[in-house]
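Read through the structure below, which is laid out as structure tokens, and then see the notes.
All values derive from a computational prediction rather than experimental measurement.
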Amino acid sequence: MASPTVKPVLRTDYQRSVADYWNREKDPVNIKLGEVDGLYHHHYGLGQYDPAVLEAPAEVRDKAIIAEMHRLETAQAEVLLDAFGTVPAGGHLMDGGSGRGGTSFMANARFGVQVDGVSISEQQVAFANEQARERGVADQVRFHFKNMLDTGFETGSFTGIWTNETTMYVDLQQLYGEFARLIAPGGRYVCITGCYNDLTGGRSRAVSQIDQHYICNIHPRSAYFKALADNGFVPISVIDLTPDTIPYWELRAKSSVATGIEDPFLTAYKEGSFHYLLIAADRI
């Protein structure tokens with residue numbers, strides 16, 4: 001009897017290029033912020049920053065700015081987790097595009113449930129699993145080299161799934177088809193993402209610059225709601241976080257870890273061509 005065919009994790013040239021990008025990535029804007037308290041995130045921040053950090057003495061100013069940026073990105077993860085409400089004892093969560101694991105560890109600490117993260121970056125998976133061992137939670141938080149479009153996890157095995165700034169790398173219909181398979185009826189999906197404003201008539205120049213910088217493909221806002229509805233998800237909360245993320249970008253532009261993409265983000269947000277949304281949707 002022939003053994004079943006094992007599908008490769010990376011199935012297209014584009015997926016291989018994205019994986020290569022994140023395998024090689026050692027951007028200080030991710031590493032230095034994570035070194036503040038050991039929570040390594042790969043997303044942006046929310047909330048007003050403390051202007052006092054900009055007035056700190058020169059020898060400690062940049063350290064203060066980085067710590068404040070990290071506070072804002074951790075606050076963003078808290079907002080995402082808030083959208084789950086309560087997770088029942090024995091629940092099971094998945095982080096789709098888990099990066100170096102920061103939000104997965106926060107979810108485990110908050111809800112006390114098993115969390116599985118998936119990423120197509122083998123380097124990030126290895127880093128996050130080492131973090132889990134160092135934190136003593138490797139039996140509860142695990143990271144896998146898997147494609148979130150086809151994870152291989154058991155049908156209906158998750159109470160909830162989140163994606164945090166990762167959906168711009170995948171086809172939304174394929175993604176939500178897989179998530180509909182994975183989430184048990186009544187479970188919840190939470191997404192924070194940047195999306196372009198359909199009313200502007202397509203990608204603005206600033207949005208195109210963001211795409212090019214991160215080799216991603218930012219979706220129009222309407223594509224999220226169509227793909228969710230097509231795959232049996234009902235949005236219960238939609239929050240425009242755009243005004244709340246602008247301060248993070250203004251502070252980042254003044255930091256030593258600025259990458260040059262700050263101006264396109266600020267331009268896109270302020271001109272209204274780009275939105276930063278939280279969507280919480282229940283699986284019916």
Side-chain angles (χ1 to χ4, degrees), residues 5-34 40-44 73 94-104 116-131 143-153 161-179 182 191-196 202-221 223-224 227 249 252 257-265 267-268 273-274 276-277:
T5 301
V6 177
K7 297 179 181 178
V9 173
L10 305 176
R11 302 175 190 178
T12 66
D13 288 342
Y14 175 66
Q15 289 175 3
R16 284 185 282 272
S17 70
V18 171
D20 181 64
Y21 175 91
W22 289 111
N23 281 331
R24 291 184 293 105
E25 182 271 337
K26 293 181 176 61
D27 199 322
V29 77
N30 295 318
I31 303 299
K32 283 191 174 183
L33 272 65
Y40 291 82
H41 297 297
H42 280 272
H43 57 252
Y44 311 129
E73 66 175 2
M94 190 185 97
D95 183 351
S98 47
R100 290 185 170 94
T103 308
S104 292
D116 283 278
V118 300
S119 173
I120 61 172
S121 166
E122 293 179 90
Q123 294 295 324
Q124 289 185 350
V125 167
F127 184 98
N129 278 322
E130 180 58 29
Q131 289 283 298
F143 299 92
H144 311 266
F145 177 52
K146 288 180 178 290
N147 191 319
M148 65 180 175
L149 296 178
D150 185 6
T151 62
F153 288 130
I161 295 176
W162 75 85
T163 53
N164 198 354
E165 299 176 12
T166 59
T167 52
M168 62 285 298
Y169 288 104
V170 296
D171 179 271
L172 293 178
Q173 290 286 351
Q174 292 181 54
L175 182 70
Y176 295 150
E178 173 68 348
F179 287 3
L182 293 174
C191 169
I192 292 183
T193 190
C195 52
Y196 75 78
R203 287 177 178 78
S204 66
R205 180 173 181 270
V207 169
S208 295
Q209 288 175 308
I210 297 168
D211 268 345
Q212 184 175 12
H213 183 87
Y214 290 109
I215 59 168
C216 62
N217 182 30
I218 292 167
H219 302 293
R221 181 180 55 192
Y224 283 90
W249 286 100
R252 176 167 155 169
V257 295
T259 62
I261 199 60
E262 292 77 18
D263 282 347
F265 268 93
T267 296
S273 66
F274 193 45
Y276 196 51
L277 292 188

Open item on the list: For a 4.5 angstrom cut-off between non-hydrogen side-chain atoms, does Tyr276 reach Glu165?
Closed with: yes

- [ ] Indicate yes or no for a side-chain donor-acceptor contact from Asn23 to the backbone of Glu122 under 3.5 Å, with no hydrogens or angles considered.
- [x] yes

Task: Donor-acceptor contact below 3.5 Å, side chain Ser98 vs main chain Val118 - done: yes

Open item on the list: By the definition side-chain contact (heavy atoms from CB on, under 4.5 Å), identify the one residue from His41, His43, His42 that meets it with Asn164.
Closed with: His43

- [ ] Fit a plane to each ring of Trp249 and Phe265, take the angle between them on a 0 to 90° scale, and name the class: parallel (under 30°), tilted (30 to 60°) or perpendicular (over 60°).
- [x] parallel

Open item on the list: Is it the case that the side chain of Tyr14 and the backbone of Ile215 share a donor-acceptor pair, with hydrogens and angles ignored and the cut-off at 3.5 Å?
Closed with: yes

TODO: To the nearest 0.5 angstrom, please state how far the CD1 atom of Ile218 sits from the OH atom of Tyr196.
DONE: 10.0 Å

Task: Salt bridge Arg252-Glu73, side-chain N to carboxylate O under 4.0 Å - done: no

- [ ] Return the orientation label for the Tyr214 and Tyr44 ring planes: parallel under 30°, perpendicular over 60°, tilted otherwise.
- [x] tilted

TODO: Please identify each residue that fulfils salt bridge (charged side-chain N to carboxylate O under 4.0 Å, His left out) with Asp211, with sequence neighbours left out.
DONE: Arg203

Task: For Arg100, the option from Glu25, Glu130, Gln123 that meets side chain to side chain donor-acceptor pair (under 3.5 Å) - done: Glu25

Open item on the list: Can you classify the ring geometry of Phe127 versus Tyr40 as parallel (below 30°), tilted (30 to 60°) or perpendicular (above 60°)?
Closed with: perpendicular

Open item on the list: Does Gln212, at its CD atom, have more than 12 non-hydrogen atoms belonging to other residues, nucleotides or ligands within less than 6.0 Å?
Closed with: no

Task: Any donor-acceptor N/O pair, Thr12 side chain to Gln15 backbone, under 3.5 Å - done: yes

Task: Side chains of Thr167 and Tyr224 in contact at under 4.5 Å (non-hydrogen atoms) - done: yes

TODO: Run the salt-bridge test on Asp20 and Arg16 with the 4.0 Å N-O cut-off and return the result as yes or no.
DONE: no

Task: Salt bridge flag under 4.0 Å for residues Asp116 and Lys146 - done: no

